[in-house]
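All chains are named by letter (A, B, ...) in the order of the sequence lines, taking the proteins before the strands, and each is independently numbered beginning at 1.
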Amino acid sequence: MSKGIPTREEDYSAWYNEIVKRAGLAENSPIRGCMIIKPYGYAIWEKMQKALDDMFKATGHENAYFPLFVPKSFLEKEEEHAEGFAKECAVVTHYRLKANPDGKGLVIDEDSELEEPLIIRPTSETVIWNAYKNWVQSWRDLPILINQWANVVRWEMRTRLFLRTAEFLWQEGHTAHATELEAIEETERMLGVYSTFAEEWMAMPVIQGLKTASERFAGAVETYCIEALMQDGKALQSGTSHFLGQNFAKVFDVKFVNQENEQTYAWATSWGLSTRMIGALIMAHSDDKGLVLPPKLAPIQVVIVPIYRDEADLPKIAEKVAPIISELNSKGISVKFDDDDKYKPGWKFAEYELKGVPVRLGIGMRDLENGTIEVARRDELTKETLPMEGIAEYISGLLDKIQQNLYDRALKFREENTFSVDTWEDFKERVEKGGFISAHWDGTDETEEAIKNETKATIRCIPLNSIEEVGECVYSGKPSAKRVVFAKAY
RNA sequence: CGGGGCGUAGCACAGCCAGGCAGUGCGCACGGUUUGGGACCGUGAGGUCGCAAGUUCGAAUCUUGCCGCCCCGACCA
């Protein structure tokens, strides 16, 4: 293995790919556009799942599982939904292979053609709402608050590990409500959950907002999103929550009798967050030495590297660190004691930096004599030698400090790269340099489209907290009531 | 689907122009010396040169066809 990875400065995209591969997060598979998530990458996803799942449960949701296959007729029912996904669907048309009569291998048995093709789910609204039809009769049956953890397939033309793959893992929440207000509240509540997850667990500040009509989920009345800024100045949509109105209830006939004894269509929401977040995590914090993980999502939070010349010294070190490990474990901190003799300490230092382990402890004979231990921080790449006494307590606090530092750093970066722009000249110039651009927009599809064509920047969102401010559209000069956020996006 | 590039050891690649024993680095195996920031020496294993046909005494190298992958564009979380 060669040393070093390309720097962000040299080639941001190569830097990203190298981190994914060299840190052991994922690799390309023989299947075009599909990735193999390796144990270390999957461990991060499991941490994300756990945090999110707990928050879903805390907000009253239950997990369930619906089929991988969607009958073509289901997908067709909601017109906009169908159109939105039609171009990226994998379709199953046969159910049997047979020995090739002309030679080796297998061929599709043409006699096994399905009466109706099955789509591999790009999302599950239709299958789920078809089921909800049978679950809902009375207002007393509502709300239905369900989430599923699943894989989905969207046949993308160009893919990148984690950021865009043909198959990806995600969770999709699908809820049914008796009233419009309740459904909108749910949509906003789950956006809040995503936002909390991004900021408190991923240490990644996000802007909460609404998508414009052109960026809205196919079949939704309103799409809410969280948008984060990556280190190269491009935006990444990191989670979406949709208010679906009664669109799916109407096409799947999900009606209930309300308290006034009237037949009423249920109101829907759906919300999803995917393995793309692992890509976001990488691009938000990592540096030219490799991955930098926030302690709350790091599979290994502390690694201990023993340093010894004589093999007989290793047991002495192991004995000394054993109580530290158990004390850290009792605080819920995951620790790896790397006593592998095949690699030298220097190699291990570099390796754990590449893997983004937040805290590294180094301990050798010198430390045993002095009662000290070396503590290295991944986020700031600093080292200090401290007394072994009370070290577990110190590390526990240090992990919190690192978590906070990563957030503060990312927030500072975003603030320094968010610009308020009022003229078209400034806009064009600013877009080239990257970052979020806050500007007035006249609210029309035409203007949005024109700006996209001329600059490649899109409206990432209309921020929820934006203040009413009279202004003129940066492109058309027409009146505008508030600023929206533009950026080039992934 | 349009434009460009590439298929040679597990990985990264050289060799091809100008046909003549299939190579280098990393990794891997074994032995020894090493170990506070990616150690070193020695020995060794590992290949249908993408596939097929053709030209030739002889093809990784030349010709034709096919297959696959990557990058750039249109589409997208």
Mind checking if A:Lys21 touches a base, just sugar-phosphate, or nothing, with heavy atoms under 4.0 Å?
nothing
Taking atom P in both B:U61 and B:C49, what distance in whole Å separates the two?
10 Å
Which is true for A:Arg160 with a 4.0 Å heavy-atom rule: it touches a base, it touches only sugar-phosphate, or it touches nothing?
nothing
Using a 4.0 Å heavy-atom cut-off, does A:Thr240 contact any base of the nucleic acid, only the sugar-phosphate backbone, or nothing at all?
nothing
From B:C28, B:G36, B:C75, nucleotide with atom closest to A:Lys87 side chain:
B:C75
Roughly how many Å apart are B:G10 and B:U56, using the P atom of each and rounding to a whole number?
34 Å
Let's see if you can work this out: which of B:G38, B:C75, B:G37 has an atom nearest to the side-chain heavy atoms of A:Glu156?
B:C75
Which heavy atom of A:Glu227 sits nearest a heavy atom of A:Cys461, and at what distance?
CG-SG, 4.3 Å
Expressed as a whole number of Å, how far does the C1' atom of B:G23 sit from that of B:C69?
24 Å
Between B:U35 atom C1' and A:Phe349 atom CZ, what is the distance in whole Å?
10 Å
Mind checking A:Leu163 for me? I need base, sugar-phosphate or nothing, with any heavy atom below 4.0 Å counting as a touch.
base
Specify the separation, in whole Å, of atom OH of A:Tyr12 and atom P of B:C71.
17 Å
Please give the nucleotide sitting opposite B:A45 as a Watson-Crick or G-U wobble pair, both distances under 3.5 Å, or none.
none
What is the base-pairing partner of B:C51, counting Watson-Crick and G-U wobble geometry with both distances under 3.5 Å?
B:G65
For B:G10, the nucleotide meeting Watson-Crick or G-U wobble distances (both under 3.5 Å) is B:C26
Separation of B:A29 atom P from A:Lys342 atom NZ, nearest Å, is 8 Å
Can you tell me which nucleotide in B:G38, B:A39, B:G73 comes closest to the side chain of A:Lys456?
B:G73
Rounding to the closest angstrom, what is the interatomic distance between B:C13 and B:G2 at atom C1'?
30 Å
I need the CZ-P distance between A:Arg22 and B:G27, as an integer number of Å.
12 Å
Does any donor-acceptor pair link the side chain of A:Lys383 with the base of B:G37 at a separation under 3.5 Å?
yes
Determine the interatomic distance between P on B:A12 and the same-named atom on B:G7; round to the nearest Å.
12 Å
Using atom P in both nucleotides, what's the gap between B:G73 and B:U48 to the nearest angstrom?
37 Å
Before accepting this row, confirm whether a basic side-chain N of the pair A:Asp288/A:Arg8 lies closer than 4.0 Å to the acidic partner's carboxylate O.
yes
Quick check for you: to the nearest 0.5 Å, what is the distance between A:Thr447 atom OG1 and A:Trp441 atom CH2?
8.0 Å
Using both distances under 3.5 Å as the test, list the Watson-Crick or G-U wobble partner of B:C76, or none.
none
Check every strand shown and say whether A:Thr165 touches a base, only sugar-phosphate, or nothing at a heavy-atom separation below 4.0 Å.
base
Judged by each residue's nearest nucleotide on RNA chain B, which is more toward the 5′ side, A:Gln237 or A:Ser13?
A:Ser13
Using the P atom on both, measure B:C11 against B:G20 and round to a whole Å.
26 Å
Closest listed nucleotide, where the reference is the side chain of A:Ile307 and the choices are B:C76, B:G37, B:U35
B:U35
Check the angle between the aromatic planes of A:Phe243 and A:Trp267 and answer parallel, tilted or perpendicular using the 30° and 60° thresholds.
parallel
Provide, to the nearest angstrom, the distance between the CD atom belonging to A:Glu449 and the P atom belonging to B:A74.
12 Å
Atom-pair distance (CG on A:Asp310; P on B:U35), nearest Å
10 Å
Identify, residue by residue, the members of residues 364-373 of chain A with a heavy atom below 4.0 Å from RNA chain B, and return them in order of residue number, or none.
A:Gly364, A:Met365, A:Arg366, A:Asp367
At 4.0 Å (heavy atoms only), tell me whether A:Tyr490 reaches a base, stays on the sugar-phosphate, or touches nothing.
nothing
Is any side-chain nitrogen or oxygen of A:Arg164 closer than 4.0 Å to OP1 or OP2 of B:C76?
no
What integer distance in Å separates A:Lys344:NZ from B:G37:C1'?
9 Å
Take atom CD of A:Glu215 and atom C1' of B:C75, then tell me their distance rounded to the nearest Å.
12 Å
Without hydrogens or angle criteria, can the side chains of A:Tyr343 and A:Glu351 be said to hold a donor-acceptor pair below 3.5 Å?
no
Apply side chain to side chain donor-acceptor pair (under 3.5 Å) to the pair A:His174 and A:Ser270, showing each step before the final yes or no.
CA-CA 5 Å; A:His174 295 275; A:Ser270 70; 4.7 Å; no
Quick one: which of B:C28, B:G37, B:U35 gets closest to the side chain of A:Tyr343?
B:C28
Shortest non-hydrogen contact between A:Ile36 and A:Ser29, atoms and distance
CG1-CB, 3.7 Å
If we take the P atom in both B:G47 and B:U24, what is their distance in whole Å?
15 Å
So, A:Arg189 and A:Glu186, do they make that salt bridge, N to O below 4.0 Å?
yes
Under the criterion side chain to side chain donor-acceptor pair (under 3.5 Å), I'd like the reasoning laid out for A:Asp445 against A:Ser214: C-alpha separation, chi angles, the key distance, then a yes or no.
CA-CA 7 Å; A:Asp445 290 351; A:Ser214 71; 5.6 Å; no
Starting the side chain at C-beta, find the nucleotide from B:A74, B:G38, B:U34 nearest to A:Met157.
B:A74
Scan every strand shown for a Watson-Crick or G-U wobble partner of B:A39, both distances under 3.5 Å, and answer none if you come up empty.
B:U33
For residues A:Tyr490 and A:Met283, determine if any side-chain heavy atom of one lies less than 4.5 Å from a side-chain heavy atom of the other.
yes
